[in-house]
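Heads up: the structure comes next, in structure tokens.
Order of appearance sets the numbers: ligands from 1, and atoms from 1 within every ligand.
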Amino acid sequence: MMKRNLVLGALMLLAITAFAQKFENLAQTPPMGWNSWNTFGTRISEELVKKTADQMVASGMRDAGYVYLVLDDGWMMRKRDSITGDLVADPVKFPSGMKAVADYVHSKGLKFGLYNCGGTMTCAKYPGSHGYEAQDARLYASWGIDYLKYDWCYSEGFDAKESYTKMSQALKDARHPIIFSLCEWGTTKPWTWAKGVGHLWRTSGDIGNVFDGIKQYDTWHSLGVMRIVDLNADLYPYAGPGFWNDPDMMEVGNGQTETEDRTHFSIWCMMAAPLIAGNDLTKMSDTTIRILTNKDAIAINQDKLGRQGFRYSNKDSLQVWFKPLAGGDWAVCFVNRSNRTRTVRFDWKKENVIYSVNQQDLNAGKQRYKLFDVWEKKDRGTTAQPFVHKLAPHESVMMRMKK
Ligand code: GLA
């Protein structure tokens, strides 16, 4: 009997290992890092990577948790190697080759990521991975790539779940632990099927550098921060340690006001969103550094419980967000989306805040919490009194509620 159980156990373990697609135990908290796309598009290079890596260390970003340096579209030659079929890093942009670039990034205590696409071409028309999944995965493993963002352009006629599963399996087979980031813009609701396939999935089209509304270009448009938030907000039941909703790279430091950048960052923290900076790190202001490295805000994002916060109310452009944290604390964030000054009045005792996923009750009627403002770094009383606070247009206040 004992022997039979052992055999059965061994068979089950074998089956789990054979079918487990993604690398487990990665991204137990939302991934943090930097991605080249928002600022540089395809104008990327070895020099940019080195300067950015240096700056991630010098600015304190690495020590605040930003460890993934990810090159987006534009790192390859227009054609695969005619003999081997391998992808080739552009030798003008990356004269030392991608392995040397990866080594440099690693030598700084960082991790290195690349981009490709499940279609026949990337969005900027470089070779896609369709049909080359295993070969590309082996190449990334040989370079020591730790993170792959996988896009979905030129994929007409392909099935998203099938394509992403195939790449995920190929990465697993290549045996170098790697975070797999799905980027099909939420079109096939990856939150319903990708939990075992990847570690994060985009939930929207591309973010644009505006607080709200839409930015229209010739043939495409990008969405302002709050539009992206609208698409991501209700997906909180689908996120957790190892699988995250991804509302796109951040626009912090790319030209919005300090107030707007703080609100943008605060909501990303409340939503347990991957914190992937998208600004030019070599030129950022002290204000931008302070926002991106606010350790109390990051602690809310990186909380080990891994709950995505939810929008508790949304009335007349005044929003209230809650996020349960480990150890019984909560985070709360009041956001003024409108263009006029508004006053928040929130009587804790009259509200019924419940995190629906596990029916966790804030219970502020009975439990008294101390309020700590994570931006102003000061106490703001307790939940024994109603919270009354003026918010300028686009301003927010994010607080840790301490038990
Ligand atoms: C798509 C993605 C972006 C970026 C570009 C690169 O638009 O959504 O995040 O990767 O492709 O071409």
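For Phe334 and Phe387, the ring centers sit closer than 6.0 Å to each other.
Under the 30°/60° scheme for interplanar angles, the aromatic rings of Phe322 and Tyr312 are found to stand perpendicular.
Scanning for side-chain hydrogen bond (donor to acceptor under 3.5 Å, both in side chains) contacts around Asn358 gives Gln360, with sequence neighbours left out. In this structure Trp34 satisfies the side-chain hydrogen bond (donor to acceptor under 3.5 Å, both in side chains) test with no other residue, sequence neighbours excluded. By the ring pair (Phe, Tyr, Trp, His ring centres under 6.0 Å) test, Trp244 pairs with no residue at all, sequence neighbours left out.
With 2.5 angstrom as the limit on SG-SG distance, Cys153 and Cys117 do not come in below it.
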Please tabulate, one line per pair, the protein nitrogen or oxygen atoms found under 3.5 angstrom from a nitrogen or oxygen of ligand 1, with distances to 0.1 Å, or say none if there are no such pairs.
{"residue": "ligand 1", "atom": "7 (O)", "partner": "Asp206", "partner atom": "OD2", "Å": "2.8"}
{"residue": "ligand 1", "atom": "8 (O)", "partner": "Trp185", "partner atom": "NE1", "Å": "2.8"}
{"residue": "ligand 1", "atom": "8 (O)", "partner": "Arg202", "partner atom": "NH1", "Å": "3.4"}
{"residue": "ligand 1", "atom": "8 (O)", "partner": "Arg202", "partner atom": "NH2", "Å": "3.3"}
{"residue": "ligand 1", "atom": "8 (O)", "partner": "Asp206", "partner atom": "OD1", "Å": "2.5"}
{"residue": "ligand 1", "atom": "9 (O)", "partner": "Lys149", "partner atom": "NZ", "Å": "2.7"}
{"residue": "ligand 1", "atom": "9 (O)", "partner": "Arg202", "partner atom": "NH1", "Å": "3.2"}
{"residue": "ligand 1", "atom": "10 (O)", "partner": "Asp72", "partner atom": "OD1", "Å": "2.7"}
{"residue": "ligand 1", "atom": "10 (O)", "partner": "Asp72", "partner atom": "OD2", "Å": "3.3"}
{"residue": "ligand 1", "atom": "10 (O)", "partner": "Lys149", "partner atom": "NZ", "Å": "3.0"}
{"residue": "ligand 1", "atom": "11 (O)", "partner": "Asp151", "partner atom": "OD2", "Å": "2.7"}
{"residue": "ligand 1", "atom": "12 (O)", "partner": "Asp73", "partner atom": "OD2", "Å": "2.8"}

